[in-house]
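This report refers to the structure that appears directly beneath it.
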Amino acid sequence: MSATILDGRKVAAAVLERVRDRAAALFERTGVRPGLTVVLVGENPASQVYVRNKTRRAEEAGFVSRLVALPADVTRERLLAAIDELATDRSVHGMLVQLPVPEHLDPREIQRAVPPEKDVDGFHPLNAGRLLLGDDDGLVPCTPLGVIELLDHYGIPLEGRHAVIVGRSNIVGKPLLHLLLARHATVTICHSRTADLEATCRQADVLVAAVGVPGLIRGGHVRPGAVVIDVGINAIEDEAAGRDLLEGQARRLERFLAKGRTLVGDVHFGEVREVAGAVTPVPGGVGPLTVALLLQNTLQAAERQLGECG
Ligand code: NAD
C-alpha cells in the first residue's frame, strides 16, 4: 500500500486566496489594509528565512507588512519599548516577536507584553486560556490551526476518532490537543517520558508528530491506514542519517549528498508511506500552512479591531 500524500502547499494556497479576498473586501468597506509587524532580534539565519517568508506572503495578500529588526544585544527595556510602541500603533493589527530570542531575553516576558488582541502567534496566556475554555474570541497558534485546516481540507473525520499527538510543547502539542478535543476526537498526548511510544502511536487513527527528532516515527508506530501528520522541521547534515531518512527518494538523496544538508520531518517518510493511509511530506506539508494561518489570524485581528465581526 502507498499512502495518499497530503499536499500542504495546495491547501495553503487555498487559505491564502480566501485571505486575500477577505482582505480586499475589508479594504473596500473600511479603506484599511490589515497590518502585520514582525520583530526580529539578532541575525539567526533560520529566523531570517522565516521572517522574510512571513513578510513577503503578507505583502502578496495585500497586507501592510513591516519588519522591525533589532540588534542581538538589544536591551530588555529597549525591546519592551519597541513592543509597546507597536501595541499602541493603530495601523498594526497583528504583531509577533520571532523566536528564539537571544539568551539574555525572556521569551515569556515578551509573549506577555504583546497585547492579546494583536497576538497573532496566539502565545499570550489570555489566548491560551481562551483556547482551553473553548471560547471562540481568542487567537490560536498557527501551526496547530494549520494541522486542522489540512485535515478539514482532505475531509478526514475527527469525531469519535483516536488522535495521538507526540510532543507537548506550548506552541504545537498543547494547543492542538484542545483543537482536536473541540472536534470531538479522543486525544492522547505523548512526550519524552511516555513508556511505550510505539504501542501508543499504533492506536491512532490520526497520528501527529511534533517532536523535533528526525525520523522518530517509523513504520512500526503506525496502524495500517492511519493518517500521519508530520509537524517536524529538522535540518540534517549527517550522511548516514540522510541515507536512512531519504530511503526511496532517490532525487532528494542525490541533492542531499551534493549539498550536505537537507530538511526532514519527525516521520520516517519512506517507511510510513507504506503503512499509513495518508501522510504529509516535509517540506511541503504543515510548514506552508503555518504562514497562511498567520495571515488569517492577522486578518481576523484587523476585522475585530475595526469593529467588524469577521
Ligand atoms: P519542543 O522542543 O518545544 O517540544 C518537543 C516535544 O517533543 C516535547 O514535548 C518533548 O517531550 C517531546 N519529545 C522529545 N523527544 C521525544 C521522544 N524521543 N519521544 C517522544 N516525545 C519526545 O518542539 P516544538 O517547538 O513543538 O517543535 C517540534 C518540531 O516541530 C520541531 O521539529 C520544529 O522545528 C517543528 N515545528 C514546525 C512548525 C511548522 O511550521 N511546521 C512550527 C513549529 C515547530
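Both counts, for ligands and for their atoms, begin at 1 and track the order of listing.
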Looking only at protein heavy atoms, identify the closest one to [atom] and say how far it is in Å.
atom: atom 1 (P) of ligand 1; answer: Ser169 CB, 4.0 Å
atom: atom 13 (N) of ligand 1; answer: Val211 CG1, 3.4 Å
atom: atom 34 (O) of ligand 1; answer: Ile233 O, 3.1 Å
atom: atom 21 (N) of ligand 1; answer: His191 C, 3.1 Å
atom: atom 31 (C) of ligand 1; answer: Gly212 CA, 3.6 Å
atom: atom 8 (C) of ligand 1; answer: Arg168 N, 3.9 Å
atom: atom 35 (C) of ligand 1; answer: Val231 O, 3.5 Å
atom: atom 42 (C) of ligand 1; answer: Thr143 OG1, 3.2 Å

Spatial distance of atom CZ (Arg168) from atom CD1 (Ile165) [nearest 0.5 Å]: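 It comes to 13.0 Å.
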Within the 3.5 Å criterion, strictly below it, is a donor on [X] or [Y] matched to an acceptor on the partner's side chain?
X: Lys118; Y: Gln305; answer: no
X: Arg22; Y: Gln296; answer: no
X: Thr188; Y: His162; answer: yes
X: Thr290; Y: Thr143; answer: yes

Counting each atom of ligand 1 from 1 as listed, which ones have a heavy atom of [X] under 4.0 Å away?
X: Thr290; result: 39 (C), 40 (O), 41 (N)
X: Ile171; result: 25 (O)
X: Asn234; result: 32 (O)

When you measure from the side chain of [X] to the backbone N and O of [Y], does any donor-acceptor pair fall under 3.5 Å?
X: Asp119; Y: His124; value: yes
X: Asp135; Y: Asp137; value: no
X: His104; Y: Val74; value: yes
X: Ser65; Y: Thr55; value: yes

Out of Leu294, Val172, Ile217, indicate the one that has the non-hydrogen atom closest to atom 44 (C) of ligand 1. Val172
How would you list all residue pairs meeting side chain to side chain donor-acceptor pair (under 3.5 Å) that involve residues 241-255, not counting sequence neighbours? Arg218-Asp244, Glu239-Arg243, Asp244-His268, Arg252-Thr262
Face-on cation placement of Arg33 at Phe27 ring, 6.0 Å and 45° thresholds: yes
Part of Thr194 within contact of ligand 1 (heavy atoms, under 4.0 Å):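 Under 4.0 Å from ligand 1, Thr194 contributes no heavy atoms.
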Of the side chain and backbone of Val166, name the one, both, or neither that has a heavy atom under 4.0 Å from an atom of ligand 1. side chain
Is the shortest distance from a heavy atom of Gly287 to ligand 1 less than 4.0 Å? yes
Would you call Gly173 a ligand 1 contact, heavy-atom distance under 4.0 Å?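 Distance cut 4.0 Å: Gly173 fails for ligand 1.
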Do any non-hydrogen protein atoms sit less than 4.0 Å from atom 27 (O) of ligand 1? no
